[in-house]
Amino acid sequence: MGYVIAGRATLALDPSAAGLDSALASFDRVPRLFPRSEAVAPSLYYGAEVDRRAGRNGEALDKLR
């Protein structure tokens with residue numbers, strides 16, 4: 001869940017393209033490193049939010065599915 005919190009903090013503090021990429025990297029680590037964690041669902045949700053803010057709507061929908 002630490003990666004989710006770090007990603008959310010980055011997302012809140014840095015809305016630039018680099019900040020969005022950094023936040024997304026944190027969210028993407030969760031399912032890759034901890035596939036059975038209860039933090040996977042929130043990481044996918046917030047990852048989709050990053051994609052939506054970046055205009056990558058297709059990727060956002062894929063994460064939400």
Side-chain angles (χ1 to χ4, degrees):
M1 201 61 179
Y3 285 119
V4 174
I5 293 168
R8 289 188 66 196
T10 302
L11 190 59
L13 296 173
D14 186 4
S16 71
L20 292 176
D21 288 343
S22 179
L24 187 58
S26 291
F27 298 136
D28 285 346
R29 283 186 189 102
V30 176
R32 188 168 30 92
L33 298 175
F34 308 101
R36 294 192 174 113
S37 169
E38 60 187 40
V40 171
S43 73
L44 292 172
Y45 172 81
Y46 289 112
E49 176 62 18
V50 170
D51 284 334
R52 186 193 65 78
R53 288 186 189 190
R56 299 184 296 258
N57 294 327
E59 289 88 343
L61 287 173
D62 287 342
K63 282 184 176 77
L64 292 173
R65 288 186 187 128

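We're numbering straight along the sequence, starting at 1.
Using a distance-only test at 3.5 Å, with no hydrogens or angles considered, a donor-acceptor pair links the side chain of Thr10 to the main chain of Ala6. For the pair Ser22 (side chain) and Gly19 (backbone), a donor-acceptor distance under 3.5 Å is absent.
Annotation: side chain of Phe27 is in contact with side chain of Arg8 (closest heavy-atom distance under 4.5 Å). Using a 4.5 Å heavy-atom threshold, the side chains of Pro42 and Met1 count as touching. The closest side-chain heavy-atom distance from Asp51 to Asn57 is not below 4.5 Å.
Atom CG of Asp62 sits about 11.0 Å away from atom CG of Leu44, to the nearest 0.5 Å. Here the CD-CG distance, from Glu49 to Leu64, works out to 9.0 Å after rounding to the nearest 0.5 Å. Remark: Ser26 OG to Asp21 CG distance equals 11.0 Å, nearest 0.5 Å.
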Run the side-chain contact (heavy atoms from CB on, under 4.5 Å) test on Arg56 and Leu20 for me, step by step, so that the C-alpha distance in whole Å, both residues' side-chain angles and the decisive distance to 0.1 Å come before the verdict. CA-CA 12 Å; Arg56 299 184 296 258; Leu20 292 176; 5.5 Å; no
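For Glu59 and Lys63, the salt-bridge test fails: no basic side-chain N is under 4.0 Å from an acidic carboxylate O.
Looking at every heavy atom in both residues, Ser43 comes nearest to Val4 through CB-CG2, 3.8 Å.
Cluster annotation: Tyr3 is not connected to Leu13 through the hydrophobic network of ILVMFWY side chains, with a link wherever side-chain heavy atoms come within less than 4.5 Å.
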